[in-house]
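What you are looking at is a predicted structure, and each value in this text was computed from that prediction instead of being measured.
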Amino acid sequence: MATAASTSAAAAVLASRLLRRSPRLLRRLGLSCAPPVALSSSSRPLAPLARQPLGHRARMGHTAAAAAAAEPTLGLTKPNAVEPPQITFSAKDIEFSEWKGDILAVAVTEKDLSKDSDSKFENAVLKKLDSQLGGLLSEAAAEEDFTGKAGQSVVLRLAGQGFKRVGLIGLGQNAPSTAAASRGLGESVASVAKSAQAISAAIVVASPSGIQEDFKLTAAAAIASGTVLGLYEDSRYKSESKKVHLKQVDIIGLGSGPEVDQKLKYANDLSSGVIFGRELVNSPANVLTPAVLAEEASKIASTYSDVFTATILDVEKCKELKMGSYLAVAAASANPPHFIHLCYKPTDGNVKRKLAIVGKGLTFDSGGYNIKTGPGCSIELMKFDMGGSAAVFGAAKALGQIKPPGVEVHFIVAACENMISGTGMRPGDIVTASNGKTIEVNNTDAEGRLTLADALVYACNQGVDKIVDLATLTGACVVALGPSIAGIFTPSDELAKEVTAASEVSGEKFWRLPLEDSYWESMKSGVADMVNTGGRQGGSITAALFLKQFVDEKVQWMHIDMAGPVWNDKKRAATGFGVSTLVEWVLKNSSS
């Protein structure tokens with residue numbers, strides 16, 4: 001039997017549903033359009049959730065974001081706790097034939113497989129190893145048609161040796177001379193080690209003289225990073241996960257000593273940041289809401305509290321800061337926006353340079369009223385529209401472990417969703433950014449730049465010298481550069497050189513595109529300072545020109561459009577793009 005209280009509560013719920021679906025119907029029924037008061041079984045209004053002061057310093061488990069993150073997700077989906085690979089790397093100068101363990105991986109070029117008139121390997125490493133194995137290596141290479149091409153591998157199980165298996169890993173025509181090639185070697189080693197369920201492995205390059213002396217340190221680190229990332233598989237949302245067996249990897253012949261050991265530790269720290277970035281992008285929008293993203297950022301600050309603080313701004317604080325552009329994008333969603341600001345300061349407090357890294361944080365992008373429709377719209381992948389923020393927080397996690405001196409770094413993300421509802425932003429609306437500039441919204445699906453506008457103004461207000469922003473901003477950039485290369489836009493040649501140099505170490509691919517001022521003509525509005533998108537031609541350039549309107553001229557600024565490389569279509573998973581380059585860029589500013 002229903003009580004008066006339960007009847008009132010049921011009526012309140014019904015009225016709430018009707019209000020959401022049709023206010024006009026409510027008026028026809030003679031019901032109030034005011035939101036109903038939630039009632040408990042005792043007919044008393046429920047107490048409001050406790051709130052922290054606006055703009056409070058966040059700590060894990062003590063934020064409004066944490067409370068929201070604790071709510072059950074749509075579909076009741078919870079990620080499984082899966083530990084990333086934990087591998088100990090060692091650099092050794094030992095005789096490879098004396099190494100003992102599960103699998104000895106020998107990296108060979110096509111030239112290394114050349115044989116003399118007696119059908120013996122000419123390469124000294126392969127010749128010695130083949131002799132030790134009684135000709136098995138030569139025999140297996142011939143039978144398996146192994147020619148040393150990149151991507152090829154052959155593995156032999158052995159008896160009576162110090163190592164249980166030996167594997168030949170193809171490098172192609174030359175020994176690795178770039179970070180990308182070295183990382184690829186590590187990934188290949190991870191693949192064969194995974195198949196063999198090896199616990200320990202050693203990596204030796206058959207022709208180490210093919211690697212320049214000053215590159216060996218970078219090569220060793222990139223091999224280590226590639227091994228970790230090659231082993232990693234995001235199984236948090238699968239009912240079963242595969243166990244990672246590999247625990248120890250020795251890198252032979254590329255040097256040894258404290259400097260190499262430090263570089264290998266750096267590779268592990270960096271890989272943890274890349275994996276974190278991948279996991280953020282891989283997480284579906286029903287799990288990774290703006291509140292959960294804010295909580296993940298707060299965890300970084302609490303884990304590395306000696307160098308990080310976190311500030312999470314709620315809607316009211318963002319209103320105080322006049323972030324009308326950002327809040328307009330967030331207005332349609334049931335999940336409230338969270339403006340996230342992590343600040344890194346070195347432990348000794350000595351700061352020579354201040355940087356800001358700003359990331360687009362759309363945890364889901366429906367397109368708004370200009371909804372994404374039709375073939376190629378990729379609405380089902382729009383969880384990756386926060387790929388910029390994933391790169392930002394992945395870099396923050398890595399830097400929290402590396403702890404570079406002399407540099408202060410602000411990590412800034414305006415997190416929200418772009419949805420559709422009666423409270424949402426409409427085409428034709430005019431919004432006002434926090435620097436006072438007005439924007440006529442001629443396309444609600446050009447929303448990322450609206451959130452970045454207020455984030456860039458906020459970053460400039462932190463008194464920084466340089467800003468790099470990253471965003472999955474335009475399909476036009478993917479059309480121009482394809483799926484593997486990010487576009488960079490900057491008026492600063494100095495900053496372009498810095499980031500390009502960082503990318504050469506990281507192995508990630510960037511291409512500088514022009515900021516053609518004449519294209520701004522298409523961004524002019526008849527009723528506001530600007531529109532938020534121009535025509536189809538030069539779409540990535542006009543997007544960058546839009547962002548430029550919200551950056552102080554005294555600040556060096558770069559925009560990175562990473563819409564292509566954020567996602568690997570073949571693997572159907574995130575890449576972690578941007579993390580490595582950002583970390584290298586910060587380190588270069590730390591040491592300079």
Side-chain angles (χ1 to χ4, degrees), residues 318 321-332 358 360 362 365 367-372 385 388 414 416 418 424-461 467-481 487-492 495-496 512-561 563:
C318 290
L321 295 175
K322 302 185 185 305
M323 296 182 178
S325 185
Y326 163 50
L327 292 176
V329 176
V358 179
K360 177 182 172 183
L362 269 291
D365 176 22
Y369 277 105
N370 292 106
I371 190 169
K372 296 178 185 291
D385 216 19
C416 65
N418 185 26
M425 176 177 65
R426 295 151 296 217
D429 284 356
I430 295 176
V431 300
T432 305
S434 47
N435 65 347
K437 292 189 177 181
T438 57
I439 307 155
E440 181 185 4
V441 180
N442 59 0
N443 191 325
T444 61
D445 196 23
E447 84 302 326
R449 64 198 70 183
L450 295 175
T451 66
L452 287 170
D454 282 327
L456 288 168
V457 172
Y458 182 93
C460 290
N461 289 338
I467 298 175
V468 170
D469 80 69
L470 303 93
T472 48
L473 206 64
T474 67
C477 199
V478 185
V479 172
L481 299 178
I488 59 176
F489 303 82
T490 178
S492 170
L495 188 53
R512 189 177 182 184
L513 293 169
L515 277 170
E516 178 54 53
D517 288 332
S518 66
Y519 288 7
W520 182 249
E521 193 66 29
S522 68
M523 299 293 288
K524 292 182 178 179
S525 165
V527 291
D529 293 331
M530 67 195 81
V531 292
N532 70 322
T533 182
R536 290 177 59 83
Q537 296 178 330
S540 57
I541 297 174
T542 54
L545 289 171
F546 177 91
L547 296 178
K548 186 182 176 185
Q549 310 307 308
F550 303 93
V551 180
D552 191 315
E553 291 182 354
K554 297 177 183 178
V555 178
Q556 291 186 56
W557 160 76
M558 171 182 286
H559 163 59
I560 299 175
D561 193 329

Checklist entry - Between Asp561 and Leu481, does a side chain to side chain contact (heavy atoms under 4.5 Å, CB included) hold up when you go through it step by step? => result CA-CA 10 Å; Asp561 193 329; Leu481 299 178; over 6 Å; no

Do [X] and [Y] have side chains that approach each other closer than 4.5 Å (heavy atoms only, starting at C-beta)?
X: Thr432; Y: Lys322; answer: no
X: Trp520; Y: Met530; answer: yes
X: Ser540; Y: Phe489; answer: yes
X: Leu515; Y: His559; answer: no
X: Tyr326; Y: Cys416; answer: yes
X: Asp445; Y: Asp365; answer: yes

Considering all heavy atoms of both residues, which atom of [X] and which atom of [Y] are nearest to each other, and what is their separation?
X: Gly436; Y: Asp529; result: O-OD2, 4.3 Å
X: Met425; Y: Tyr369; result: O-CD1, 3.3 Å
X: Arg449; Y: Leu473; result: N-CD1, 3.8 Å
X: Ile467; Y: Ala459; result: CD1-CB, 3.8 Å
X: Val527; Y: Glu440; result: CG2-OE1, 3.6 Å
X: Ala496; Y: Thr490; result: CB-CG2, 3.8 Å

How long is the straight-line distance from [atom2] of [Y] back to [atom1] of [X], given to the nearest 0.5 Å?
X: Ile560; Y: Thr472; atom1: CD1; atom2: OG1; answer: 12.5 Å
X: Thr438; Y: Ile430; atom1: OG1; atom2: CD1; answer: 6.5 Å
X: Leu327; Y: Asp454; atom1: CG; atom2: CG; answer: 7.5 Å
X: Ile439; Y: Thr533; atom1: CD1; atom2: OG1; answer: 12.5 Å

Is [X] reaching over with its side chain to a backbone N or O of [Y], donor-acceptor style, under 3.5 angstrom?
X: Thr444; Y: Arg426; value: no
X: Arg536; Y: Ala476; value: no
X: Ser325; Y: Leu450; value: yes
X: Asn532; Y: Val441; value: no

Indicate every side-chain donor-acceptor pair of residues 543-556 with a distance under 3.5 Å to a residue at least two apart or in another chain.
residue, atom, partner, partner atom, Å
Gln549, NE2, Leu545, O, 2.8
Asp552, OD1, Lys554, N, 2.9
Gln556, OE1, Ser492, OG, 2.9

Item to check | Stepwise side chain to side chain contact (heavy atoms under 4.5 Å, CB included) check, Leu362 with Val329 | outcome: CA-CA 9 Å; Leu362 269 291; Val329 176; 4.2 Å; yes

